[in-house]
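Let me begin by presenting the structure, written as structure tokens, before commenting on it.
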Amino acid sequence: MTITAIPAAPKRAQATDPKRRPKREREGAAWVFLSPWVLGAIVLTLLPMAVSLYLSFTDYNLFDPPHWVGLRNYTRMFTEDPRYWRSVTTTLTYVVIAVPLQLALALAVALALKNMRRGKSFYRSAFYAPSLLGASMSVALVWRAIFNDGGTVDNLLGTGGWVNRPGWALLAVALLTVWQFGAPMVIFLTGLQQIPAELYEAAAVDGAGKWRQFLSITVPMLSPVLFFNLVLQTIQAFQVFTPAFAVSAGKGGPADSTLFYTLYLYDRGFVASHMGYASAMAWVLLIVIGAVTALLFRTSRSWVFYASEGDR
């Protein structure tokens, strides 16, 4: 008798592919580590933004329940509030003055430090220190004392206290921002150190002077770093608050010459208890900053040079 072996039935595929299990485990571990950030983003950022958007369409005084008013806050802002437009003008003037001066000073100091052989670390730290202290209320109060009547500037120049003169108070606040050039200076210095020295040597052989080398080599090669600093400092300038609050004692004076947008927003929301109106102002500011940033990115195509792209 011949016995024929019956082949064993193939085993069923496991419900869980062993090759995919490690990937799922890695994804699970990743979400565990990301959960604090995700939770913080939702609770501390997205949820407050949603509440603020809702309050911008309401009349809310921090004590009574919000009352829906639709677009009333926005129409009042654009058509019935002259101080709002004064704050817009003051903020735009400040951005136009402070940001270019700060970036120019930061680039000049970075160029000076680039070729320094001794003490570079010390001077880099010394110039960076104001960026750590400039946003504090204590330094802003000291700055107000320097530019007040009888202060250092008054004693040296005899021009009187800048913070008490409508034509000079805004400049005093702008100079405080310019003084905080340490952060963009460090970024500029890092970018300058990445430019190949062979480019300058070749330009010198061709007879190019220092100014021509700066315009033809330094500026194009440094344009991505310049663009980064420009975007970052512009966004920060639109949100300036502490210097204006300290210099004007929270009033935006004299004659509303330091009535910055954020200072007026604070006044409407926390002094006058018009939180719905302040929320509407905050959302307009967000939209404006987004539009300005998008415009900078749009115009960067014509002046920012990337070495990896031959057409730029």
Side-chain angles (χ1 to χ4, degrees), residues 92-134 153 156-157 168 170-238 240 289 291-312:
L92 291 177
T93 304
Y94 166 81
V95 171
V96 172
I97 295 175
V99 173
L101 287 179
Q102 185 189 50
L103 295 182
L105 183 59
L107 180 57
V109 174
L111 289 170
L113 292 178
K114 176 189 175 184
N115 299 323
M116 184 177 294
R117 297 182 178 180
R118 295 182 179 179
K120 179 185 294 186
S121 300
F122 169 77
Y123 286 107
R124 182 171 54 189
S125 301
F127 286 124
Y128 183 74
S131 295
L132 301 176
L133 304 175
V153 174
L156 292 177
L157 302 179
W168 294 85
L170 181 61
L171 181 59
V173 179
L175 289 178
L176 176 55
T177 300
V178 174
W179 180 62
Q180 306 170 41
F181 66 90
M185 180 268 297
V186 172
I187 298 175
F188 276 136
L189 184 59
T190 303
L192 289 171
Q193 293 173 345
Q194 303 302 317
I195 300 177
E198 293 79 5
L199 296 178
Y200 294 101
E201 296 173 357
V205 171
D206 291 339
K210 295 295 183 180
W211 182 246
R212 174 53 59 184
Q213 293 179 21
F214 175 77
L215 293 179
S216 301
I217 299 176
T218 304
V219 173
M221 296 297 293
L222 201 63
S223 57
V225 178
L226 178 60
F227 173 67
F228 174 79
N229 276 331
L230 177 62
V231 172
L232 196 63
Q233 299 306 318
T234 300
I235 293 175
Q236 293 180 358
F238 272 105
V240 65
I289 291 178
V292 171
T293 303
L295 179 62
L296 291 176
F297 271 92
R298 183 70 177 179
T299 58
S300 68
R301 300 178 181 180
S302 60
W303 62 274
V304 177
F305 172 81
Y306 295 95
S308 59
E309 300 181 10
D311 60 339
R312 302 189 76 170

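Throughout, residue positions are numbered sequentially from 1 according to the sequence presented.
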Using the ring of each side chain (for Trp, its six-membered ring), is Phe297 parallel, tilted or perpendicular to Phe227, with breaks at 30° and 60°? perpendicular
Once rounded to the nearest 0.5 Å, what's the spacing between atom CG of Leu226 and atom CD1 of Ile187? 11.0 Å
Could you measure the distance from the CD atom of Gln236 to the CD atom of Gln180? Nearest 0.5 Å is fine. 8.5 Å
Heavy-atom nearest pair, Pro224 first then Phe305, reads CG-O, 3.1 Å
Are the side chains of Val109 and Phe188 in touch, meaning some heavy atoms are under 4.5 Å apart? no
What closest approach, in Å, do Pro196 and Tyr200 show between heavy atoms, and which atom pair accounts for it? O-CD1, 3.8 Å
Closest approach of Pro184 and Leu103, non-hydrogen atoms and distance? CB-CD2, 4.1 Å
Would you compute the distance between atom CZ of Phe122 and atom CZ of Phe127 and round it to the nearest 0.5 angstrom? 9.0 Å
Is Val205 close to Glu201 at the side-chain level, that is, under 4.5 Å between some pair of heavy atoms? no
Is there a side-chain contact between Leu113 and Met185 in this structure, where contact means two heavy atoms from C-beta onward sitting under 4.5 Å apart? yes
Go through the structure and list residues passing side chain to side chain contact (heavy atoms under 4.5 Å, CB included) with Thr234, not counting sequence neighbours. Val95, Val99, Leu230, Phe238, Val292, Leu296
Quick one: do Phe214 and Leu107 satisfy side chain to side chain contact (heavy atoms under 4.5 Å, CB included)? Show the steps, please. CA-CA 11 Å; Phe214 175 77; Leu107 180 57; 4.0 Å; yes
Atom pair CD (Gln233) and CG (Asn229), whose distance is rounded to the nearest 0.5 Å: 6.0 Å
Do Gln213 and Thr218 touch side chain to side chain, with heavy atoms closer than 4.5 Å? no
What pair of heavy atoms forms the shortest contact from Leu215 to Pro220, and how long is it? O-CD, 3.3 Å
From CG (Leu222) to OG1 (Thr190), nearest 0.5 Å: 10.0 Å
